[in-house]
Amino acid sequence: MDLYKQLGTFGKVRLNEPLAKHTTFKIGGPADFFITVDEIDKLVALLKFLDGDGISYFILGGGSNMLVGDEGYQGVVIQCRMQNVECRMDKIVADAGCVTVELARQSIKAGLTGFEWGVGVPGTIGGAVRGNAGAMGGEMKDVVEKVEVYRSGEVIELTNHQCHFGYRESVFKHHTAVILRVTLQLKKMEDVSGEAGGMKKALELIQYRNKTQPQGWASTGCIFKNVELLGEHGEPNRVRLLEHFDNHDPKVQQFLHVGKISAGWLVEQVGMKGAKVGQAEVSPQHGNFIVNLGGASATDVKTLIEKIKEQVYDRYGIELEEEIQII
Ligand code: EPU
């Protein structure tokens, strides 16, 4: 049986599917095979089949926080559309393909608190766990109890601790494991006004994002990680903030307080907001976003990213690190 037919037993298959159709950046060449899977059991069977035959694959969540090359992907792209959700007391058990924003809304409706910030996170919950996504001070690591994953032919459970979460980091960025299902541990809202309070928090977050981040253009979230002022073990980072910046500037004080320098602010300092390569532009609104003005290529974006990194390094000696996944 040919691969197309074999894949058809696990989900809907398309050939030479342009990935630009499936990324929030609207950029990316074709995938040889593109399969949409809507049940965890089918996904596990598919992964076992692909691993068994040594066929390369790539897991696509919501298509945010990633840049797919113009050459596309040689192999099988798996779009995760498993979306079952169960609320169990103060826990939510969600399939990896659930839309994070929807899940955050559901958590508020179920009278739970702790995940309101999820309304500001594009993509799927599986993708959010992988990147330890966050907004407004919240991070996935604060709400994940455990994760069910497929790893080397087996389905296993990892505790929060075993996910090795760090700032926009997790074990999933470094080892091949596919996230299947996520259990979030939240808190019951104490009083009846809780739901309204949760909605208010969520609304404030959306308003903040609308005000500070580009709207209406295709983009892929923040391109770079913010720059941590202390290393993983508390040692001072290579960034010596005080040497470079005005310590009395309220923004600098804010960065010292949170322990990270906003990468967007650094991009602004080197005058690169509004810089363009082809149809890719550094957002004039927020320096850590690149927007697709229409028909931008991955090469345009990569060139712009390199220019930004060069400028920031030349001026401050800081090596910006990409937060997005580059395929
Ligand atoms: N700032 C500037 N110029 C800019 C961008 C930011 O001066 O071009 C200043 C802002 O005025 C503010 C400070 O820098 O004083 C921080 O900016 P902001 O609140 O926008 O937050 P951020 O650190 O740039 C982070 C996350 C975002 C998240 C927002 C809001 C990272 C890399 N970014 O951005 O997450 O939405 O906080 O919570 O951690 C993402 O991860 O993809 C992402 C967009």
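None of these values were measured; they are calculated from a predicted model. Counting starts at 1 for both ligands and their atoms, following the listed order. Heads up: numbering here begins at 1 and tracks the sequence. We use all heavy atoms of the structure for the numbers below, so side chains are in, but hydrogens, waters and symmetry mates are not.
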Does ligand 1 have a heavy atom under 4.0 Å from the side chain of Val267, from its backbone, from both, or from neither?
neither
Sort out for me which residue in Phe49, Phe33, Tyr4 forms a ring-ring contact (aromatic ring centres under 6.0 Å, His included) with Phe10.
Phe49
Has Arg209 got any heavy atom lying under 4.0 angstrom from an atom of ligand 1?
no
If we ignore angles and hydrogens, is there a donor and acceptor under 3.5 Å between the side chains of Glu145 and Thr183?
no
Got an N/O contact under 3.5 Å between Phe289 and ligand 1?
no
Looking at ligand 1, does any of its N/O atoms fall within less than 3.5 Å of an N/O of Thr212?
no
Any nitrogen or oxygen of Lys225, main chain or side chain, under 3.5 Å from a nitrogen or oxygen of ligand 1?
no
Are more than 12 heavy atoms, taken from residues, nucleotides or ligands other than Lys173, located less than 6.0 Å from that residue's NZ atom?
yes
Residues at least two apart in sequence or cross-chain that pass ring pair (Phe, Tyr, Trp, His ring centres under 6.0 Å) with Trp217, listed by chain then number, are none
Do Lys225 and Glu323 meet the salt-bridge criterion of a basic N to acidic O distance under 4.0 Å?
no
Between the side chains of Lys309 and Glu322, is the shortest nitrogen-to-carboxylate-oxygen separation below 4.0 Å, so that they form an ion pair?
yes
Row check, Phe255 ring normal vs Lys260 NZ/CZ: under 6.0 Å, within 45°:
no
Look only at interatomic distance and state if Phe224 has a nitrogen or oxygen under 3.5 Å from any nitrogen or oxygen of ligand 1.
no
Do Lys302 and Glu306 meet the salt-bridge criterion of a basic N to acidic O distance under 4.0 Å?
no
So is Lys260 in contact with ligand 1, going by heavy-atom distances below 4.0 Å?
no
Taking both backbone and side-chain atoms of Gly264, is any N or O found less than 3.5 Å from an N or O belonging to ligand 1?
yes
Under 4.0 Å, heavy-atom basis, I'd like to know which part of Met136 is in contact with ligand 1: side chain, backbone, both or neither.
both
Should the proximity of Lys251 to ligand 1, defined as any heavy atom under 4.0 Å, be assigned to the side chain, the backbone, both, or neither?
side chain
Protein non-hydrogen atom found under 4.0 Å from atom 37 (O) of ligand 1
no
